Structure formats: structure tokens, C-alpha cells
J.: 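A single structure is presented below for examination.
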Amino acid sequence: MLVYGCQMNVSDGERMAGELATIGYRQTDDMAAADLILINTCCVRETAEDHVYGKIGEIKRLKAQKPELIFGITGCMAQKEAGRLIARAPHIDFVLGTNKIHELTRVVQDIEQHRGHVVDTALGSAAHTYGEGRENAAITAERGQVLTGQGRKLSETEEFTAAYGQLDDLAGGPVARGGQLSAWVPIMYGCNNFCSYCIVPYVRGRERSRQPEDVVREVAAAVAEGYKEVTLLGQNVNSYGKDHGRADFADLLKMVDAVPGIERVRFMTSHPKDLSDKVIAAIRDGVHLCEHIHLPVQYGSDHILKAMNRVYTVAQYRDLVQRIRAALPQAALTTDLIVGFPGETADDFQQMLAFLQEIRYDSAYTFIYSPRSGTPAAGMPDQVPDDVKHQRLEQLMAVQNKISAEINAALQGTVQEIMVEGPSKNDAAMWSGRTRTNKLVLFPHADEQAGDMVQIKIKQPQTWLLKGVRV
Ligand code: SAM
Ligand code: SF4
């Protein structure tokens with residue numbers, strides 16, 4: 001299984017692997033030895049899609065050598081492209097959309113027995129479309145296009161949930177987790193926000209929250225298997241529970257914090273418009289809730305924030321950061337930033353740089369705006385030329401890297417609690433772990449075991465990591 005994209009995709013991949021294990025499949029790193037190859041895809045930026053098309057081409061050769069190999073595409077690009085993928089690359093056997101993890105084993109078994117193509121990307125109906133050969137793939141391509149909306153807001157998901165209850169992926173099934181210590185736990189799927197640049201609401205449908213009992217049960221099961229840390233996942237975790245009304249995100253945090261044996265609880269992502277004082281208080285009063293908030297601002301000028309449909313202003317975001325820092329002075333704050341959004345002027349960009357200097361994030365993921373067909377921003381006038389986008393990205397990264405280095409330099413001499421993860425990838429004599437604020441720390445290994453909590457004195461802070469010694 002090859003997984004591209006965000007943590008939600010990694011988590012979905014673990015669930016697919018869990019489902020496939022129930023019908024006898026296990027994972028291999030050797031593609032040539034595989035009987036089934038799945039690519040769990042991302043389409044949030046064009047580069048992500050380009051990688052996937054490259055891999056699809058590579059797998060054509062494998063499939064020519066081994067015709068019985070089953071090859072499927074899942075995830076966001078599967079949802080977006082549906083049957084067009086098979087029309088373009090007929091060596092793909094099946095395409096399954098983002099709300100179809102529970103269908104995976106049935107589809108794979110069906111292909112094992114009958115061969116033929118399967119495309120199922122219905123976000124919100126129980127309809128399945130089976131076919132033999134390309135003709136049907138073309139029909140399902142058309143159907144997939146209708147169901148995925150292509151730029152229109154979808155409502156089928158709500159209808160589906162109302163009609164079929166938990167027949168989708170919300171209840172949770174078997175999970176084949178990748179890590180040893182840290183478990184991803186999705187608490188909700190989908191997004192209602194329609195930021196004007198973003199494809200996610202179209203390919204993942206409307207927000208659907210899992211029941212709090214299901215989340216708590218999954219966290220407890222992960223702890224029983226030896227996991228010490230969980231990360232609660234959602235496109236906007238702060239709107240958790242708005243659909244079922246049984247618990248909000250602050251309530252859920254408290255419930256997860258109370259699971260016996262859990263050591264650390266993380267969460268992502270927070271939309272600034274929904275991060276309530278109740279959530280901030282829950283983190284402040286929590287025991288295992290880590291002091292790290294990933295709070296994507298996306299941009300630092302009101303003009304662009306409005307065009308992005310982020311529905312907050314720079315002043316409102318600043319106020320939120322002040323409330324977070326008043327309650328949680330030790331908290332690390334990280335963000336996502338997009339440069340080159342249509343209509344971005346030199347003045348907007350200067351405001352963005354000034355905003356970064358003012359807020360001083362611990363770190364930031366920086367992206368070049370990638371037009372996504374069907375989203376409002378793709379059709380906006382004044383698209384920014386590529387060379388300007390690249391120049392601005394470099395300037396932005398230089399400013400942010402300097403801030404990250406300064407913030408880390410201030411940790412020189414402090415003692416940090418680290419959860420030990422294991423040997424460092426680049427230096428076997430050093431082991432790595434993370435602070436509660438999610439900073440990577442390297443230290444010389446003695447007798448520590450993965451999962452130990454140790455105190456490390458910071459001796460050599462750097463931009464991306466901290467080096468220290470055990471105290
Ligand atoms: N739901 C999360 C949120 O709102 O912060 C993150 C979802 S998205 C997978 C992760 C990040 O990708 C976003 O925060 C945004 O910065 C970036 N992104 C989304 N669409 C983009 C686009 N069309 N071009 C460039 N970056 C994009
Ligand atoms: Fe995309 Fe905005 Fe939803 Fe995040 S909140 S997934 S950026 S639409």
C-alpha cells in the first residue's frame with residue numbers, strides 16, 4: 001500500500017490494511033512480490049496528483065508481468081477522478097472513494113473471483129456500480145462525476161447518514177496501525193468549510209462525527225495494545241459533534257484524557273473560527289492533553305483571508321492567539337501558509353511577513369497555491385505568476401526559519417520531558433523523542449527504551465530540532 005497526503009490518509013490506510021488483514025492480506029515493502037497494490041491518494045495540490053500518475057505508470061509494467069495482480073486506487077484523487085482513472089489507465093482494477101473503506105474487502109474479493117473493473121465513489125448513497133471492461137468504466141466515470149459534485153456542494157452524505165446510519169466508515173473497523181507508540185484516531189470525516197482554494201470538501205463530503213463512545217473505545221483499545229499517545233484527527237476537530245450534538249470537542253478531549261493508561265493526547269487540525277475558550281480551558285486543565293496547537297492561518301492580510309473564505313480577520317485570529325497564550329503560556333503554535341493566492345499583491349505579502357513576525361509560530365508548513373479545478377479560487381482573476389510564487393515562498397520560509405531558530409534557541413539550558421521513540425534516522429548513536437509541544441529532540445542513547453518518558457537538558461537547539469543530554 002502506497003499512501004500519499006495528510007495524516008487522515010495515513011489513518012485511512014491503516015484502516016484499509018486492517019480490513020484487508022481479515023481476508024488474508026498482509027503488507028509488504030516489495031512491490032514486485034505483492035498480489036494487491038493499493039495507492040491511497042491525495043489531490044490537495046497538483047504535485048500530489050502528478051506523483052500518483054507516475055506510480056500508476058510504473059505499476060503498468062508490474063501488471064504486464066503478473067496479470068493476476070490486483071491494482072486499486074483509493075482516497076481523494078479516486079473520489080475526484082472516479083472512472084476517468086480507469087479510462088486513462090485500464091490496468092487499474094478498481095477505484096474506491098473516500099467513504100468506502102468498509103467496502104474494500106468485498107470489492108477485492110469480487111475482483112479475485114470475477115475480475116472486471118469496479119468504480120464506487122458514492123459519497124452518500126449505498127449504490128454500487130460493477131462492470132466488466134472499459135465500457136462500464138466509462139459509464140461509472142460519468143456516474144462518479146455526478147456523485148462527487150465537481151464544484152458543487154453535496155448533500156447526499158447527510159441523506160445517506162440519515163437513511164443508513166452507521167453503514168459507512170464512522171463506526172470503525174479493524175486497524176493495522178503503522179507506529180509502535182503513537183496511534184491516529186479519526187474523530188470525524190469531511191469538511192463543511194469550503195475555503196475557496198480547497199478541494200477537500202468536494203472529495204470528502206460533509207462533516208460526520210463519530211460517536212464519542214466509539215472514539216473512547218478505540219483509544220482504550222490502542223492503549224491496551226501498548227500505544228501511549230493518540231492523535232485525534234479531523235479536518236476541523238473543533239467542529240466535532242456539531243452534527244450529533246452528543247458531545248463537543250472539549251467534552252471529547254476530557255473523555256479521552258481520562259482513558260486509563262494514556263500518556264499523551266494530540267489533535268489536529270483546528271480551524272481558527274471554531275476554537276472555543278472551552279477547548280482552551282480543557283487543554284489547560286487536562287493532564288495528558290499536549291500543549292501544541294496547529295492553527296492554520298493560511299494568510300496574514302484581511303483582503304486575502306476574505307477571498308479565501310476563511311471567515312476570520314487578522315484581528316480575530318490575533319485575539320484568539322492572545323487567549324491561547326494567556327491560558328497556555330508554554331504552548332507551541334504551528335500553522336499552514338499559502339503563498340500566491342489569486343489577487344495577492346506585494347502589499348498583501350508584506351502584511352503576511354509582518355504577521356509572521358508578530359505571531360512568531362514555532363514552525364509552519366508553507367505551500368504554493370495550486371489551482372484545483374472546480375474550486376472557486378481556480379476561476380479567480382489575477383492568478384500570480386509561478387516565478388513570483390516561488391520568490392515569495394522562499395522569502396516566507398527564510399522569515400519563518402529565522403523565527404523557529406530563535407524560539408528554539410530560547411530553550412537552551414531548559415529541561416524537557418521527552419517520550420522516547422527510538423534510534424534517530426541519521427545517527428544511530430542518537431535516539432529521538434518529542435516534547436509535549438511536539439518538538440523533535442535528539443540525545444545520546446544509554447539504556448532508554450521506546451516509550452520511556454525521560455528528562456532531557458537542551459544543549460544545542462537548531463531550527464528543526466533540539467539536541468540535549470539526559471538529566
Ligand atoms: N483541514 C485542515 C485545515 O483547514 O487547516 C487542513 C487540510 S489541507 C489537507 C492541508 C493544507 O493544505 C491546508 O491547511 C492548506 O494550507 C493547504 N492547501 C489546501 N488547498 C491548497 C491549494 N489549493 N494549494 C496550496 N495549498 C493548499
Ligand atoms: Fe480545506 Fe478549509 Fe476544509 Fe481545511 S477547513 S479542509 S483548508 S476547506
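Counting starts at 1 for both ligands and their atoms, in listed order. Note that the numbering runs from 1 along the sequence shown for the chain. A quick note: this is a predicted structure, and the numbers were derived from the prediction, not measured.
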J.: Just distances here: any N/O of His271 and N/O of ligand 1 closer than 3.5 Å?
T.: no
J.: Closest by any non-hydrogen atom to atom 6 (S) of ligand 2: pick that one out of Gln235, Arg204, Met308.
T.: Gln235
J.: Which atoms of ligand 2 sit under 4.0 Å from any heavy atom of His271?
T.: 5 (S)
J.: Which protein non-hydrogen atom lies closest to atom 3 (C) of ligand 1, naming both residue and atom, and how far is it?
T.: Thr269 CG2, 3.7 Å
J.: Consider only side-chain N and O atoms of Thr313 and Asp302, and report whether a donor and an acceptor are under 3.5 Å apart.
T.: no
J.: Please check if any side-chain donor atom of His294 sits under 3.5 Å from a side-chain acceptor atom of Thr334, or the reverse.
T.: yes
J.: What atoms of ligand 2 come closer than 4.0 angstrom to any heavy atom of Phe194?
T.: 8 (S)
J.: Going by the closest heavy atom to atom 8 (S) of ligand 1, which one wins out of Asn9, Asn193, Val44, Thr375?
T.: Val44
J.: Considering only the protein, which heavy-atom contact is closest to atom 7 (S) of ligand 2, and what is its distance?
T.: Tyr197 OH, 3.4 Å
J.: Under 3.5 Å, is there a donor-acceptor pair between the side chain of Tyr240 and the main chain of Arg210?
T.: yes
J.: Pick, from Tyr197, Tyr365, Phe367, the option with the minimum heavy-atom distance to atom 21 (C) of ligand 1.
T.: Tyr197
J.: When you measure from the side chain of Asp348 to the backbone of Thr345, do you find a donor-acceptor pair of N or O atoms at a distance under 3.5 Å?
T.: yes
J.: Considering only protein heavy atoms, which is closest to atom 27 (C) of ligand 1, and at what distance to one decimal place?
T.: Arg45 NH1, 3.3 Å
J.: Can you tell me if Arg310 contacts ligand 2 (heavy atom of the residue under 4.0 Å from the ligand)?
T.: yes
J.: Ignoring hydrogens and angles, tell me if any N or O in the side chain of Asp257 forms a donor-acceptor pair with the backbone of Val287 under 3.5 Å.
T.: yes
J.: Is it true that the side chains of Glu207 and Ser239 contain a donor and an acceptor less than 3.5 Å apart?
T.: yes
J.: Specify whether Tyr312 and Tyr317 have parallel, tilted or perpendicular ring planes, treating 30° as the upper limit for parallel and 60° as the lower limit for perpendicular.
T.: tilted
J.: Are any of the heavy atoms in Gln7 under 4.0 Å away from ligand 1?
T.: no
J.: Return a yes/no value for Asp336: is any of its N or O atoms, backbone included, closer than 3.5 angstrom to an N or O of ligand 1?
T.: yes
J.: Look at Cys195 and state whether any of its N, O or S atoms is less than 2.8 Å from atom 2 (Fe) of ligand 2.
T.: yes
J.: Starting from atom 6 (C) of ligand 1, find the nearest protein heavy-atom neighbour and note its residue, name and distance.
T.: Gln235 OE1, 3.9 Å
J.: Can you sort out which atoms of ligand 2 are near Asn193, meaning under 4.0 Å from one of its heavy atoms?
T.: 5 (S)
